[in-house]
Protein chains: 2
Amino acid sequence: MLRMTLGTRSTLVQQVISRLSEQIAAGEWPVGSKIPTEPQLVEILGVGRNTVREAVRALTHAGVLEGVQGSGTYVRSTDELTGVVARKFGAADVGHTIEVRRALEVEAARLAALRRTPDDLARLDAALAARDVAWATGDTDVFVEADADLHVAVVAAAHNPMLAELYASVLAAIKASVAVAVGPAMLAGTHIDHAQIVAAIRDGDPDRAAREAGRFLEAPARA
Amino acid sequence: MLRMTLGTRSTLVQQVISRLSEQIAAGEWPVGSKIPTEPQLVEILGVGRNTVREAVRALTHAGVLEGVQGSGTYVRSTDELTGVVARKFGAADVGHTIEVRRALEVEAARLAALRRTPDDLARLDAALAARDVAWATGDTDVFVEADADLHVAVVAAAHNPMLAELYASVLAAIKASVAVAVGPAMLAGTHIDHAQIVAAIRDGDPDRAAREAGRFLEAPARA
DNA sequence: CACCATAAATCGTCCCATGATTCTAGTCTG
DNA sequence: CAGACTAGAATCATGGGACGATTTATGGTG
């Protein structure tokens, strides 16, 4: 009796978790919105309140949902990776996290040079221009945001959803960790270089794109 | 009343999750072992059964625990990253996952060249020798295992715990996905090259180490 | 209109009961 | 005595009800 795990997703709670996850992934419950109350979910799903609560609790721990006593349960994120990465990397050395980011971004730049479409190039040019404008304003918060947008655009041009999600999660963890400190540190002489990585991606030169991407984040230290 | 989140970890369930996670992380409940029964946890932790169940369910969804009806609850993994990555990457294109692995491994090789200790080099030599022995046996399963050990040793020499954990999780996801197919594909002419990456790490040449590491996984395709 | 007290809504915790599944121990049979 | 079968215990899965804590809505009062 080997009983495949297809017919019955084994436990009821797992089925409820799947249904809730689908609703969230499909965008029917957007980030920040309030999901139905527990009694409503009990009626909608046709299961007991304990089952609903265990499913909601599982997604809460995963960083997807967030319960507020007296108010309701809200959608916090669409994917579980961000929450787990934040917990893992939040308690760790920021330098190590930045090295992980560097790893992902360098490979993403290489892939982007091979796979970028005309649309990708248009988005990269737009992000680059927006970054220049943000630079001119002198507002570090605005600039950091625009800078992040450009980096995300580079990773998106790699056309690898897994890589993009991981990168976004790591970037979020870094933002949460240092927030302010990262801004000034990157404002030094890194302004001009960013045009060159876009150029390398446009030229379809993976090695040069990877080299340029690696230059953004200071060369790793020996310790 | 801004009520910092330190004094009370907000909800009871979260506190229970933390305590269970600590027990597991500390190795007091090893992987594969059975944790106390629900009534026992109720008494040990001094909380209600629903609270225990919600905490256990959260860790079950995270891939840390696994409940077996009629038998008990068992430890499945020590970290939550593996489970989440497996769920995310398991449903995705294996090629994309391999690209993520490549990203992590290339940067790890670069860092290893900068930070490797004598102990690291000893372990790398041992893993390289073990891989040669496994190659000689002709048993693909044994060889794939020894090959993975060498790659893990390279990543470990980078001395970046976050990078190492992520790499291990991605590697596990790849193993679970393809299992057999990966073996034959890598057996071609990649046998000799592995000595060169260890040599590059020993010489402390980060660029060469990165280049050699990138060579293991076939150059990414345009599509 | 502003402020405050009360009530309602909602999640958090606890307890009890029952079903489904697995493990254990004893018993029976050959 | 060995093996298999059965009855019971142990354990997790699910459902239901109750009460507390917190937030939100409501309405009254100056």
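These numbers come from a predicted model, not from an experiment. Reminder, nothing fancy here: chain letters follow the sequence lines and each chain counts from 1.
- Side-chain contact annotation: H159(A) with D120(A), donor-acceptor N/O pair under 3.5 Å present.
- Residue contacts shown for G70(A) include a base, since a base heavy atom lies under 4.0 Å away.
- Remark: P of dA9(C) and CD of Q40(A) are 12 Å apart, rounded to the nearest angstrom.
- Ion pair R57(B)/E54(B) not flagged as a salt bridge, since none of the NZ, NE, NH1 or NH2 atoms sits closer than 4.0 Å to an Asp/Glu carboxylate oxygen.
- No donor-acceptor contact under 3.5 Å links the side chain of R49(B) to the base of dT11(D).
- Of all nucleotides listed (dC11(C), dG15(D), dT13(C)), dT13(C) comes nearest to the side chain of T51(B).
- Between N50(A) and N50(B) there is a side-chain heavy-atom pair separated by less than 4.5 Å.
- Under 4.0 Å is where a charged nitrogen must lie from a carboxylate oxygen, and between E99(B) and R102(B) no such pair does.
- Residue V56(B) is out of contact with every strand shown, counting any heavy-atom pair closer than 4.0 Å.
- Interatomic distance, Q40(B) CD to E38(B) CD, rounded to the nearest 0.5 Å: 10.5 Å.
- Rounded to a whole Å, the CD atom of Q69(A) is 8 Å from the C1' atom of dG20(D).
- With the nearest nucleotide of DNA chain D identified for both G72(B) and V68(A), G72(B) has the one nearer the 5' end.
- Heavy-atom nearest nucleotides on DNA chain D were determined for S71(A) and for V13(A), and the one closer to the 5' end corresponds to V13(A).
- Nearest nucleotide to the T37(A) side chain, out of dC12(D), dT13(C), dT10(C): dT10(C).
- The distance from atom CG of N50(B) to atom C1' of dG12(C) is 10 Å, rounded to the nearest whole Å.
- Comparing E38(A) and V42(B) along DNA chain C, the residue whose closest nucleotide (by nearest heavy atom) sits nearer the 5' end is E38(A).
- Between the CZ atom of R53(B) and the P atom of dC15(C) there is a distance of 15 Å, rounded to whole Å.
- Atom-to-atom, NZ of K34(B) to P of dC12(D) comes out at 7 Å; the value is rounded to the nearest Å.
- V47(A) comes within 4.0 angstrom of the backbone, heavy atoms only, and of no base.
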